[in-house]
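Here is the structure we will look at, set down as structure tokens.
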Amino acid sequence: MRMAALVGALFAGTLSGLAPSATAAEEGGVKAAQVGATAPVNWGACATETLAGVPADQVHLYSCARYRVPIDHDNAALGTIDIALLKRAAKVTDQRVGSLFLNPGGPGGSGLRMPISGQFYFQPQVLDRFDLIGFDPRGVGQSNPLRCFTTAEDADEVFGAMIGVPQSREEISGTLAAYRDYGQFCKNNAGSLLNHMSTKDVVRDLDTLRAAVGDQKLTFVGFSYGTLIGSTYAGMFPKQTRAIVVDGNVDPKLRTSDGVAYDQQRADGFEIALDAFLKKCQQVGPKCAFSSGNPRAKFDEVRDHLRKQPIDSVDISLFTGGVASALYSPTRFPGLAEDLQALYDTIHPSTNTDAVKVAAAPAMKTLVPGKNGLADIDPDSPYLSDDSYFAVNCSDKPMNIKQNKVPQIAADTERKSPTFGRYQVFSDIAGCPVWPAKNPDVYRGPWRAKTDTPILVVGNYYDPATQYKFSRRMADQLGNARLLSVDAFGHCILGDAAGVDKIAADYLIDLKVPADGQVFQPNVQPFS
């Protein structure tokens, strides 16, 4: 989750001219790109690898491009980068509404192939009426990836020294030192793009792309971190906003004003989701392998045991990261329950102790593929990932602390969020005080959305990564918004709640605004 490799597929396309034009409307001091005065996207054929999985009878719907934007929209002398784009054309061309831009979150998530999976998020009429456009944001995947390392060996050495849940003084100091090394590599290798990775930079790219595809106003769907892109766009370019759906929301004001408090509250969200999972497990009984006895007490016992010593190959870092990951998707709940029970049985051996121990570790290896870093690499293997996650987060989230304060912050956070507090602090906070970006241009509000159409805000009650309270705050901060709530587990919900999907389709196509405050159910309940 923290350092995932986000390497997109290769594709073919044609470079367009530079953009945007100087002819523009003023929006809060930032010039909005104008259709006709902005160089158009020059779409071309896609590489076979890009369209992997697309049925042969649908390949004709797809096209690819690279579009050139400035590294610094206020200083052309700094140079340019290219944004990778993939378009799935509207199926019913005579009823086409326009383009629908998509972002999967992250930050650092590759959105290039999202149009290919659009059928899983949207009802068919959306695919009929819109060109779906996926893109890798600047510094991500195929869009001039921001790379702090030149070799995979260097990356492996740095990431391998980072411990997810460090406890001893040695583990803590080693992890903090690894983040300092990471920052130094980024300072040496990332180049000028390092200082221009904020969400505001991404939004200015997006506005240029909007004009470049010929849309007077933006239609956009953002998931997770993508909700910050959507809310920032509405704040910066309200007159260019047509319809925006944000699903699995951040708290934009808190995220851009106090990064430490924001990440501490993220840890709270994982705790809320975990507690709800354990209660659901007990409620469904035998359908959940961890339901016997008291699941909450059993979980705490396993966690506390792992803090002292591993169980076979499972240590506290692997365990915490694995549980956090599984909470993202209810489809993984049965496997998570089986793994938890296997671990519990290992510390409470039955008559067949050896058999239980053998079973526990492989199950957890399936649930948690491994720690960060690369294994079995050649000394000079090129580094193929990117470092956009920290580049964006450490730009947007002010961390007004010295790194030596991190251990105390972790201890304080752990008292309130006993399972995920320390993990969250060392995953997201520890690196930013030593991140080398200087004076990034960040949008910190105002957030009131003076848009013609209210923004559609969607939030799950038990979303681990972006707790439900964040969605309520998003709707409140935007002001001109409608909040749809879903009594569901997991991170984000579009495509998995028919009632929300129908409203989203009517909203995107016809700008039909739903009643505020509606509550929906997911299509499938956990353990069903």
With S110 as partner, the option from N103, D136, D386 fulfilling side-chain hydrogen bond (donor to acceptor under 3.5 Å, both in side chains) is D136
Side-chain ion pair, [X] and [Y], N-O less than 4.0 Å:
X: R472; Y: D476; result: no
X: K217; Y: D452; result: yes
X: R210; Y: D207; result: yes
X: R482; Y: D516; result: no

Regarding [X] and [Y], is there a side-chain donor-to-acceptor distance under 3.5 Å anywhere?
X: R138; Y: S143; answer: no
X: N393; Y: Y225; answer: no
X: Y262; Y: R255; answer: yes
X: N460; Y: Y468; answer: no
X: R266; Y: T466; answer: no
X: D263; Y: Q424; answer: yes
X: Q467; Y: D463; answer: no
X: D387; Y: Y182; answer: yes
X: T331; Y: S329; answer: yes
X: Y67; Y: T208; answer: no

Rounded to the nearest 0.5 Å, what separation is found between the [atom1] atom of [X] and the [atom2] atom of [Y]?
X: L327; Y: F489; atom1: CG; atom2: CZ; value: 9.0 Å
X: F237; Y: T232; atom1: CZ; atom2: OG1; value: 10.5 Å
X: L508; Y: T219; atom1: CG; atom2: OG1; value: 7.0 Å
X: L478; Y: I244; atom1: CG; atom2: CD1; value: 8.5 Å

How about [X] and [Y]: are their ring centroids closer than 6.0 Å?
X: F101; Y: F130; answer: no
X: F159; Y: F149; answer: yes
X: Y233; Y: Y443; answer: no

Got more than 12 heavy atoms from elsewhere within 6.0 Å of CD, E157? no
What do you reckon, is CG of N439 surrounded by more than 12 foreign heavy atoms closer than 6.0 Å? no
Could you walk me through whether K469 and D251 pass the salt bridge (Lys or Arg N to Asp or Glu O under 4.0 Å) check? CA-CA 8 Å; K469 181 164 58 177; D251 176 341; over 6 Å; no
Verdict with reasoning, R444 to T256, per side-chain hydrogen bond (donor to acceptor under 3.5 Å, both in side chains): CA-CA 6 Å; R444 306 193 192 280; T256 57; 5.1 Å; no
Minimal non-hydrogen separation, G108 against S388, with atom names: CA-OG, 3.2 Å
Heavy-atom donor-acceptor pair, [X] side chain to [Y] backbone, under 3.5 Å:
X: N188; Y: Q184; result: yes
X: R113; Y: A52; result: yes
X: S231; Y: L228; result: yes
X: T50; Y: C46; result: no
X: D128; Y: K91; result: no
X: N195; Y: K438; result: yes
X: S198; Y: D201; result: yes
X: S117; Y: M114; result: yes
X: S325; Y: G321; result: no
X: E153; Y: S381; result: no

Using ring pair (Phe, Tyr, Trp, His ring centres under 6.0 Å) as the criterion, point out the one residue from F390, F185, F426 that pairs with Y179. F390
Side-chain contact, heavy-atom cut-off 4.5 Å: [X] with [Y]?
X: V458; Y: S471; answer: no
X: T453; Y: R242; answer: no
X: I503; Y: V500; answer: no
X: V54; Y: Y62; answer: yes
X: D258; Y: V260; answer: yes
X: P252; Y: Q477; answer: yes
X: Y121; Y: L102; answer: no
X: I133; Y: L86; answer: no

For D74, enumerate each residue passing the side chain to side chain contact (heavy atoms under 4.5 Å, CB included) test, keeping only those at least two apart in sequence or located in another chain. D72, R204, D441
Among all residues two or more places apart in sequence or in another chain, which pass the side chain to side chain contact (heavy atoms under 4.5 Å, CB included) test with N523? A498
Side chain to side chain contact (heavy atoms under 4.5 Å, CB included) between D131 and R88, intermediate numbers included: CA-CA 5 Å; D131 294 341; R88 182 191 188 278; over 6 Å; no
Report the C-alpha separation of V442 and K200 in whole Å, then their side-chain angles, then the decisive distance to 0.1 Å, and conclude whether the side chain to side chain contact (heavy atoms under 4.5 Å, CB included) test is met. CA-CA 6 Å; V442 179; K200 181 178 180 180; 5.8 Å; no
I need the single residue from N144, I83, L85 that forms a side chain to side chain contact (heavy atoms under 4.5 Å, CB included) with R66. Which is it? N144
Between L206 and L218, does the side chain to side chain contact (heavy atoms under 4.5 Å, CB included) criterion hold? Intermediate values first, please. CA-CA 9 Å; L206 179 59; L218 177 74; 3.9 Å; yes
As a quick check of understanding, evaluate side chain to side chain contact (heavy atoms under 4.5 Å, CB included) for V69 and I81, giving each step before the final call. CA-CA 6 Å; V69 298; I81 54 174; 3.7 Å; yes
